[in-house]
Amino acid sequence: MGLKTVLITGAAGFLGSHLCDKFIKEGYQVIGMDNYITGDKKNLAHLQEHANFSFIEHDITEFIEIEGSVDYILHFASPASPIDYLKIPIQTLKVGSLGTHNLLGLAKAKGSRLLIASTSEVYGDPLVHPQTEDYYGNVNTIGPRGVYDEAKRFQESITMAYHRFHGIETRIVRIFNTYGPRMRLNDGRVIPAFMGQALRGEDLTIFGKGLQTRSFCYVDDQVEGIYRLLLSDYSYPVNIGNPHEITIKDFAEEIIKLTGTNQKVIYKDLPVDDPMQRQPDISLAKKILNWEPKVGRAEGMRITFDYFKNLSDDELYKSEHKDFSGYNNK
């Protein structure tokens with residue numbers, strides 16, 4: 001009997017590439033799929049010659065065809081940072097809707113189990129703290145961030161519809177802030193933003209008063225939680241994240257200390273619909289997956305900073321990720 005096959009969409013992204021590593025390590029045949037709209041070829045360069053890895057460059061909003069059997073599908077294709085999805089709003093909505101529909105069709109045809117990457121953003125700016133899976137959220141459907149939030153909420157809905165109507169085996173992970181090597185330095189999120197500013201000798205930028213909270217999960221912990229959820233028999237959403245909460249203001253001080261810099265902190269206006277609190281309740285993951293994060297923030301941030309320190313000057317000073325104009329007419 002051959003190896004089990006897993007298809008990972010968004011494979012060239014931050015989380016997708018780490019998932020490819022995990023499934024290769026666990027002895028799977030891995031098919032990576034990405035159209036590189038926000039992914040990066042270098043994230044998968046180390047796997048290109050691996051006997052158990054193959055790659056298909058494809059936009060999953062178009063029909064998907066895979067030869068042979070596919071045991072598992074992990075749907076991680078989507079812009080994930082505001083700096084991206086505000087520039088490519090239509091593509092963000094399409095990958096969550098049409099892309100998910102295509103993958104559900106593939107799962108139905110192949111008899112695959114499908115795990116979708118949802119997000120803590122389905123909770124919006126939460127009125128319940130910490131957030132549990134049975135909270136329905138407080139989301140502005142027509143705000144700028146709605147293109148991402150609603151794409152993910154629809155993705156959950158259509159996945160459950162296929163599960164109930166067609167009997168597809170499905171899993172839903174709600175991912176909270178995750179960080180680690182291979183994050184894009186200029187992706188607009190707070191960890192790479194602070195570390196990039198520190199490395200360039202710039203002031204650290206805080207939006208609002210810095211009293212908004214986040215909880216950061218190291219990528220290895222996140223990947224382990226996702227892996228366990230895929231192999232579980234639980235089909236409803238599960239929060240995977242680190243419940244240790246910190247204010248952005250305090251986090252800026254941690255980064256200044258970690259980097260050994262003496263940057264000033266400057267304050268700018270808070271973006272529209274930026275959530276004030278974000279902290280997962282992981283009771284369910286502990287109970288059904290026997291999972292909780294193992295890597296503390298100090299250790300995880302040190303590893304991540306070491307990765308960013310080794311980037312080339314071109315990468316360190318590049319302000320634009322890429323030109324999205326070729327995608328915006330679609």
Side-chain angles (χ1 to χ4, degrees), residues 14-15 18-19 22 80-82 117-135 137-138 172-183 187-198 204-229 237-260 265 270 274-308:
F14 161 54
L15 257 180
H18 283 281
L19 284 163
K22 172 69 173 175
S81 78
S118 188
T119 169
S120 59
E121 295 294 330
V122 300
Y123 300 122
D125 189 3
L127 305 175
V128 168
H129 193 71
Q131 292 82 60
T132 55
E133 289 86 352
D134 57 3
Y135 175 53
N138 175 40
I172 300 173
V173 58
R174 287 183 180 159
I175 295 167
F176 282 70
N177 296 66
T178 302
Y179 69 97
R182 298 182 202 153
M183 284 191 95
D187 86 348
R189 286 181 279 196
V190 67
I191 292 171
F194 279 176
M195 290 189 177
Q197 287 171 332
L204 268 55
T205 305
I206 286 179
F207 295 98
K209 295 179 180 177
L211 301 179
Q212 65 271 46
T213 65
R214 295 294 182 268
S215 51
F216 302 113
C217 185
Y218 186 64
V219 64
D220 290 0
D221 286 331
Q222 182 64 241
V223 164
E224 180 63 26
I226 292 165
Y227 182 75
R228 291 189 191 191
L229 177 59
V238 178
N239 290 337
I240 299 290
N242 192 316
H244 294 288
E245 193 181 22
I246 186 172
T247 67
I248 295 301
K249 188 175 182 179
D250 288 346
F251 182 60
E253 297 302 325
E254 280 191 8
I255 293 297
I256 289 169
K257 189 175 175 183
L258 168 70
T259 57
V265 174
L270 195 66
D274 193 49
M276 286 305 293
Q277 290 183 304
R278 186 68 88 228
Q279 181 190 20
D281 183 316
I282 60 168
S283 307
L284 187 60
K286 285 180 179 177
K287 180 182 171 185
I288 64 171
L289 307 177
N290 192 28
W291 175 89
E292 62 182 318
K294 300 276 191 285
V295 181
R297 194 168 59 243
E299 180 188 356
M301 292 297 168
R302 181 183 49 75
I303 298 166
T304 306
F305 184 59
D306 286 346
Y307 167 79
F308 285 137

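Keep in mind the model is a prediction, meaning the values are calculated, not measured. Residue numbers run from 1 in the order of the sequence given.
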dist R182:CZ -> T304:OG1 (nearest 0.5 Å) comes out at 12.0 Å

Any side-chain to backbone donor/acceptor pair from T178 onto V219? Under 3.5 Å, distance only. no

- Donor-acceptor contact below 3.5 Å, side chain Q279 vs main chain P130: no

Rounded to the nearest 0.5 angstrom, the OG1-CZ distance for T259 and R302 is 14.5 Å

inquiry  = Are I175 and I240 packed together at the side-chain level, in the sense that at least one heavy-atom pair is separated by less than 4.5 angstrom?
reply    = no

Hits for side chain to side chain contact (heavy atoms under 4.5 Å, CB included) against T205, two or more places apart or cross-chain, chain-then-number order -> Q197, F207, I266, K268

Next item on the list: Assess whether atom CG of N290 is packed by more than 12 heavy atoms of other residues, nucleotides or ligands within 6.0 Å.
Entry: no

Does one side chain, of E245 or T213, offer a donor that lies under 3.5 Å from an acceptor on the other?
-> yes

Q) Is any side-chain N of the basic residue among E121 and R174 closer than 4.0 Å to the acidic one's carboxylate O? A) no

**OP:** Could you tell me whether F176 and F216 have their ring centroids closer than 6.0 angstrom?
**Re:** no

When rounded to the nearest 0.5 Å, the distance separating CZ of R278 from CD1 of I248 is 11.5 Å

Apply side chain to side chain contact (heavy atoms under 4.5 Å, CB included) to V238 and I288, showing your working. CA-CA 9 Å; V238 178; I288 64 171; 3.9 Å; yes

One should read off an interatomic distance between T119 OG1 and N239 CG, to the nearest 0.5 angstrom, of 10.0 Å

Rounding to 0.5 Å, atoms CZ (F251) and CZ (F194) come to a distance of 7.0 Å

- Message: Between Y179 and P192 (side chain of the first, backbone of the second, donor and acceptor by atom type, cut-off under 3.5 Å), is there such a pair?
- Response: no

- Does some side-chain heavy atom of L258 sit less than 4.5 Å from a side-chain heavy atom of M195? yes

Review point. Does the distance from a Lys or Arg side-chain N to an Asp or Glu carboxylate O, for R228 and E224, drop under 4.0 Å?
Key: yes

- Check whether any side-chain heavy atom of N242 lies under 4.5 Å from a side-chain heavy atom of Y218, and answer yes or no. no

dist I282:CD1 -> K287:NZ (nearest 0.5 Å) comes out at 14.5 Å

